[in-house]
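Beneath this line is the structure, given in structure tokens, with notes to follow.
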Amino acid sequence: MRRGPVALGLAAVTILALPLVAPVYHVLLMLPFMAYAVILLGLNLLFGYTGLVSFGHALFMGIGAYTGAVLTTHLGVRSLELILLASAVLGALVAAPVGALCVRYVKIYFGMLTLAFGMLFYTFLLKFYRLTGGDEGIRVLRPSLLGFDLAAVSKTDYLAGAYYYYSVAVLVLAALLMWRIVHSPFGLCLRTVRDNPAKAEALGISIVRSRWYAFVISAVYAAVGGALLGPPIGNVDPTLAYWTHSGNIVFMTLLGGFASFFGPVLGAFVFIFLQDTVMSVVPYWRLIFGAILAFLVIFAPGGLMGLFAGRRPGEVSRA
Amino acid sequence: MFYGDFCALDGVSLAINVGEFVSIIGPNGAGKSTLINVLTGALRPSAGTVLFKERDISGIGPVRLARLGMARSFQLVQIFPDLTVLETLQAAVVSRLNRGSRLFGSLSRDREVQEGALAIADLFGLAEKAHTPSKHLPQGDKKLLDVASAFALYPEIILLDEPTSGVSTRDKHAIMEILVSASRQLGIKSIIQVEHDMDIVFGYSDRIIALHQGKVLADGTPDEIMADEGVVDTVVGRKALAPGGGA
């Protein structure tokens, strides 16, 4: 029997059953995991499938998170469906011009340019106090889910119940959609652009257009994931858009393995729970995470998925 | 065509006709690669134009050129290392059918793409290795895949930059036979190749253009070129034309 579908089935059952069997604390930790999983599915379209490493995706996570905050706090919009939709649209609107500039560059230049745009947005959030609340940020009021107000439910019941399953549904939808994208003719073109841009162009595949599409799609995913991050925290502030946050999601991708579709999702899961465990034991968790990152890059470039499969990244199936 | 002060091509004027198999020959530095790059729109000439189907294609770039019906393969083999043989050919077929922007269509259920890629794999004898990652192919097959993916675009004209370089002598003729027969079956109208192996040049060409120091030294049929002592001495080499010879 193939290991992939079995592991996926087990993971699905575990995630669905978790609120019934696990302590609330762990159920609540699953909320950022699911938000990051959505973000990483998008980031990996750019990283694993197109070969571009962005150090500025916190910009789009920030757009999503602040969209939720502004809509619920300032504009009285409580519907999470509308918040997710608005985040996706705003993410795409910002990513279109930013991506058009960034995708003309590759490697470190692409990374630095995305970082620069990310820092611009961070500064905007910090300085435009009246709109963004500056370093204090903005509260995120409890959104309604599928038209249900749920104001009477306690916060824990809301987050560990309805909001949890809502996040599961968003993650499943996002994964199905991304699965379609990477297995589409467009997905194949992205892989040609990643592997050999000159050859791709000789075959009539536009590398700039392909990279731009991938950039915008990944930004939409980051914005939707960012919007999901807001309600469990209850408050969004500029640290969400700080460059170290962009670094964290690149770390998660490397941790899980960028050569596999579900690798980054696994990376997000391990990162969240490992960070929680390490932080509860020692105060200098960054030191330990730095060592892990160094180990990964040197000894396990294929990430956890690469270790499980016993292969190096280039040999890991992207199918 | 200038690189700084150096004139790589000077007053080169030529027309490729429908149905021709043209070989461009010349010693190193004669301007062959520059000519290919000018013809494929990768370099814009300092003076003059390149016309394809009555349209100026100077410097238009590879993507638009491929769409117009001109394809190329490279001197140094160009493959997609992590893609299988079939995926490589599928990418070319996707591009030919202009389906590269289909974000949500299923590639595996696109029969036209699947069958188109398989047909090319069959034609080039790569069907048995269809699921092999390109980087694991032997050198000859890598070269063949590079050429096959260009053929999968069904171009009207194809430019092959040393299609048999880096391939053993035994495999060279096999590759050329496949190439000529595939071009007939796919209805490719003209082939231009840059080639050093005179065996291949004289064995397959309808017409040979000899370049020397950026200028056209001779342009004629293989018999005419062979009879031109100046060209034989400067470009072809007497040894290459001797029985059993070859560059």
Side-chain angles (χ1 to χ4, degrees), chain A residues 42 45 48-51 92 104 173-174 176-218 220-221 258-260 301-302 306 311-319, chain B residues 40-42 61-74 76-84 86-110 112-113 117 131 133-136 145-146 149-153 155 158-159 161:
Chain A
L45 185 72
Y49 290 90
T50 316
R104 293 177 190 282
L173 275 177
L176 286 174
L177 203 61
M178 188 53 73
W179 184 264
R180 286 306 293 228
I181 291 173
V182 302
H183 293 93
S184 69
F186 167 71
L188 180 63
C189 289
L190 287 186
R191 290 159 63 206
T192 66
V193 168
R194 174 200 65 200
D195 268 19
N196 188 340
K199 174 69 179 168
E201 279 200 310
L203 292 184
I205 296 165
S206 167
I207 54 175
V208 169
R209 195 177 60 179
S210 304
R211 284 175 179 154
W212 183 74
Y213 277 11
F215 189 91
V216 174
I217 294 167
S218 74
V220 167
Y221 268 68
F258 61 87
S260 144
R311 288 174 286 191
R312 295 183 70 81
E315 292 164 352
V316 178
S317 168
R318 287 180 169 89
Chain B
T40 51
V63 175
R64 285 169 67 197
L65 198 69
R67 300 233 170 274
L68 275 176
M70 190 189 286
R72 73 169 295 181
S73 72
F74 295 86
L76 295 173
V77 70
Q78 297 284 341
I79 52 161
F80 304 116
D82 286 332
L83 265 59
T84 65
L86 201 58
E87 286 171 333
T88 304
L89 299 175
Q90 284 167 357
V93 179
V94 162
S95 172
R96 168 165 58 83
L97 299 173
N98 209 7
R99 292 181 186 169
S101 299
R102 288 195 178 179
L103 265 67
F104 305 110
S106 167
L107 184 66
S108 58
R109 288 192 201 136
D110 191 327
E112 209 175 343
V113 171
H131 299 291
S134 306
K135 64 184 172 193
H136 293 148
L145 180 60
D146 188 6
S149 56
F151 272 63
L153 297 174
I158 192 159
L159 286 93
D161 198 351

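Sequence lines set the chain letters: A, B, ... in the order given, protein chains first and strands last, and positions in each chain run from 1.
Contact count against chain A (heavy-atom pairs under 4.5 Å) is highest for B:S149 among B:S134, B:S149, B:G61, B:P155.
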Assess whether side chain to side chain contact (heavy atoms under 4.5 Å, CB included) is satisfied between B:V113 and A:L188, documenting all intermediate values.
CA-CA 12 Å; B:V113 171; A:L188 180 63; 5.9 Å; no

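Here CG of A:L203 is found 10.5 Å from CD of B:Q78. Values are rounded to the nearest 0.5 Å. The SG atom of A:C189 sits 11.0 Å away from atom CD of B:Q90, with the distance rounded to the nearest 0.5 Å. Taking NZ of A:K199 as the reference point, atom CD1 of B:I79 lies at 9.5 Å (rounded to 0.5 Å). To the nearest 0.5 angstrom, B:F80 atom CZ is 4.5 Å from A:T192 atom OG1. Between the CG atom of B:D82 and the CG atom of A:N196 there is a distance of 11.5 Å, given to the nearest 0.5 Å. Interatomic distance, A:I181 CD1 to B:R102 CZ, rounded to the nearest 0.5 Å: 15.5 Å.
For the pair A:R194 and B:L83, the minimum side-chain heavy-atom distance is below 4.5 Å. Proximity of B:L107 to A:F186: side-chain heavy atoms (C-beta onward) are nowhere separated by under 4.5 Å. Within the 4.5 Å cutoff, the side chain of A:R180 has heavy atoms near those of the B:S106 side chain.
Judged by distance alone, with hydrogens and angles left aside, the side-chain atoms of A:S184 form no donor-acceptor pair with the main-chain N or O of B:F104 at under 3.5 Å.
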Table please: side-chain donor-acceptor pairs of residues 62-72 of chain B below 3.5 Å, with sequence neighbours left out.
{"unit_1": "B:R67", "atom_1": "NH1", "unit_2": "B:S95", "atom_2": "O", "d": "3.1"}
{"unit_1": "B:R67", "atom_1": "NH2", "unit_2": "A:G204", "atom_2": "O", "d": "2.9"}
{"unit_1": "B:R72", "atom_1": "NH1", "unit_2": "B:N37", "atom_2": "OD1", "d": "3.2"}

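Minimum interatomic distance between B:P81 and A:D195 (heavy atoms only, all atoms of both residues): N-OD2, 3.4 Å.
B:R96 meets the salt bridge (Lys or Arg N to Asp or Glu O under 4.0 Å) test with no other residue; sequence neighbours excluded.
Only the side chain of A:I217 comes within less than 4.5 Å of a heavy atom in chain B; its backbone stays farther off.
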